[in-house]
Amino acid sequence: MEWEIVTVIIALVGLLATVTKPIMNLTNTITKLNDTCQSLEERMEKFERHNRDSHVKIWAHNDKQDEQLAEHENRISLLEERKV
């Protein structure tokens, strides 16, 4: 009877060790994944801010060029009217 109890205890310890190791590995992997996702999210937010700022600069430059083109068009029109 005593050996049966010892055998059951050994079996339970073995089962516990067998189950505990994969769970610990899974927990470590999930922790790394969470860290990676958080880092990726921060980098994406930084990228989006930079992208937004770049678009603002591009559109400001585009508007400035539109104004310059309109001024040149007016000057050309005035010069053409003088020739006629």
Colleague: Look up atom NZ in Lys57 and atom CZ in Arg52, then write down how far apart they are to the nearest 0.5 Å.
Modeller: 13.5 Å

Colleague: Which residue, Glu41, Glu48, Glu42, Lys46, forms the side chain to side chain contact (heavy atoms under 4.5 Å, CB included) with Met44?
Modeller: Glu48

Colleague: Excluding sequence neighbours, so at least two apart, what forms side chain to side chain donor-acceptor pair (under 3.5 Å) with His61?
Modeller: Gln65

Colleague: Are Arg75 and Leu78 packed together at the side-chain level, in the sense that at least one heavy-atom pair is separated by less than 4.5 angstrom?
Modeller: no

Colleague: Can you tell me how far the CG atom of Asn51 sits from the CZ atom of Arg49, to the nearest 0.5 Å?
Modeller: 12.0 Å

Colleague: Going by side chain to side chain donor-acceptor pair (under 3.5 Å), name the residues that satisfy it together with Glu4, two or more places apart in sequence or in a different chain.
Modeller: none

Colleague: Nearest 0.5 Å please: distance from the CD atom of Glu81 over to the CD1 atom of Ile76.
Modeller: 12.5 Å

Colleague: Counting only pairs under 3.5 Å, give me each side-chain donor-acceptor contact of residues 6-28, with atom names and distances, residues two or more places apart or in other chains.
Modeller:
residue	atom	partner	partner atom	Å
Thr7	OG1	Trp3	O	2.6
Thr18	OG1	Gly14	O	2.7
Thr20	OG1	Leu16	O	2.5
Thr27	OG1	Ile23	O	2.8
Asn28	ND2	Met24	O	3.4

Colleague: Rounded at 0.5 Å granularity, tell me how far CG in Leu33 sits from CG in Leu40.
Modeller: 10.5 Å

